[in-house]
Number of protein chains: 2
Amino acid sequence: MARKTGSHSEITGPKVRRAALALFAQHGFAAVSMRQIAAEVGVQAGALYLYTKDKQSLLYDLMQAHMDDLLAAWKAEPKGDGALAQLEAFARFHIRFHLERPDAVFIAYMELRNLSDENFAAIEALRRTYEGELEAILHAGHGEGVITAPDIRLTTMALIAMLTGVNTWYREGGRLSREAVADIYWDMVRGAVGA
Amino acid sequence: MARKTGSHSEITGPKVRRAALALFAQHGFAAVSMRQIAAEVGVQAGALYLYTKDKQSLLYDLMQAHMDDLLAAWKAEPKGDGALAQLEAFARFHIRFHLERPDAVFIAYMELRNLSDENFAAIEALRRTYEGELEAILHAGHGEGVITAPDIRLTTMALIAMLTGVNTWYREGGRLSREAVADIYWDMVRGAVGA
DNA sequence: TTGATAACTGAACACTTGTTCAAATCCAAC
DNA sequence: GTTGGATTTGAACAAGTGTTCAGTTATCAA
């Protein structure tokens, strides 16, 4: 036999994805060339095509991996009993998870329009699944009578926008720790749903 | 004398800005070429340079005009007495204004990274001015004792993210009218600030 | 050391990019 | 009609685009 399959590709492959993630987040998908990514990796542009079918797939794979991570992490999150405890778990989880990977979050929200139609539909489905998790909690809270929000779908969208918004202003080493931010936001979430 | 200055440019100029706004919003600044804009206007690419110094200025002018509009419209908005009334006025104004011009809003939030450093600083200053308006209301509400939010700066960011988020899901002719949406969001805003 | 194959280069392809500018066209005023 | 400036064309420029691929190099099993 020849050398073990992918003895180098196991290094270069992740490097390509990391470089693409950082560059797409900084300059935008359309503004980044394959040659820029290759330069960041330390390789010629042609070599990238050993690791991705084309530029579009590179973007899609990053977004899909991010959404898969998100859904898996939420599934593994301890949630507590009762809708209110679960809402708190969701709020804290959302902030923590998103603050930990700002580049991926940025791309997932900003580059949707650069996806092909099929790829867009796939990512959109994952996003809806995630929104559905929050919606289900709010629905349960309504049933338990601990939430008075009049429109669950709107509340879902409002809360996600509010929580994701943390990423636009939070800077590491700033005035507040992530926990302090999560505390304050949880307070606002609770107030917003009338609990 | 020759013909009146700008007898045609007064038509083509706005056409260029309208076409650029729509195309930038749909595909993103970096993904739209000057030739695409020109085609939309019904003119050759070279003619665009009678109406803009370069592509960057075209983007900047659109964003600046949008922010100027926003600040002027809020200044002209009837606000009522007391912090709570003003907060309600702000929430309703923000939703209404943003829903009326989704393309400009989209560009103003998504294309910041495509601005040159100076242009970015200028737009960022306008944005901060607008945020300052809400922050001042919350500060006043704190003084009046009608608001219990523990951190005014965070509350400002949270509310703006939540309100602007309406643009991501609202579709004309959907389940709810703009007024109904504004009613529900005002409820959530009030709850979030603890009023 | 050899031989096989994974990994990569570097050049080429056809096409698009933002921008400039001499020349053509347009049209209100005389 | 003619005039003269406003307006637009159309071609050109140099540089950059995503992608392909024959050929070169690196790496490891035998």
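Just so we're on the same page: letters track the sequence lines, and every chain starts at 1. Heavy atoms only: backbone and side chains are in, while hydrogens, waters and symmetry mates are out.
- Between the CD atom of A:Gln44 and the P atom of D:dC21 there is a distance of 18 Å, given to the nearest Å.
- Counting to the nearest Å, the P atom of C:dT17 and the CG atom of B:Leu58 are 15 Å from each other.
- Exactly one residue among B:Arg96, B:His94, B:Arg92 makes a side-chain hydrogen bond (donor to acceptor under 3.5 Å, both in side chains) with B:Glu77. That residue is B:Arg96.
- Between the CE atom of A:Met34 and the P atom of D:dA15 there is a distance of 23 Å, given to the nearest Å.
- Atom CG in B:Leu23 sits about 12 Å away from atom P in C:dT17, given to the nearest Å.
- Atoms CG (B:Leu59) and P (C:dG18) sit 13 Å apart, rounded to a whole Å.
- The residue among A:Ala30 and A:Ala47 whose nearest nucleotide of DNA chain D lies closer to the 5′ end is A:Ala30.
- In this entry the distance linking OH of A:Tyr49 with C1' of C:dC13 reads 13 Å, nearest Å.
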Before you tell me yes or no, could you show the steps for A:Arg153 and A:Glu131 under salt bridge (charged side-chain N to carboxylate O under 4.0 Å, His left out), namely the whole-Å CA-CA distance, both residues' side-chain angles and the distance that decides it to 0.1 Å?
CA-CA 9 Å; A:Arg153 180 73 191 145; A:Glu131 290 170 5; 3.2 Å; yes

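- The ring of A:Phe90 has its center closer than 6.0 angstrom to the ring center of A:Tyr130.
- Nucleotide D:dT17 holds its P atom 9 Å from the NZ atom of A:Lys55, rounded to whole Å.
- For the pair A:Ser33 and D:dG16, the criterion of a side-chain N or O lying under 4.0 Å from OP1 or OP2 is not met.
- Whole-Å rounding puts the A:Leu48 CG to C:dA7 P distance at 14 Å.
- No close placement of the A:Trp74 and A:Phe97 rings is indicated, their centers lying 6.0 Å or farther apart.
- Contacts of B:Val32 with the nucleic acid, taken as non-hydrogen atoms under 4.0 Å apart, involve only primed sugar atoms and P, OP1 or OP2.
- Distances shorter than 4.0 Å separate some side-chain N or O of B:Tyr51 from OP1 or OP2 on D:dT8.
- Exactly one of A:Leu21, A:Val41, A:Thr52, A:Leu50 qualifies for a side-chain contact (heavy atoms from CB on, under 4.5 Å) with A:Val16. That residue is A:Val41.
- Distances shorter than 4.0 Å separate none of the side-chain N or O atoms of B:Thr12 from OP1 or OP2 on D:dT7.
- With hydrogens and angles left out, the side chain of A:Arg35 and the base of D:dG16 share no donor-acceptor pair within 3.5 Å.
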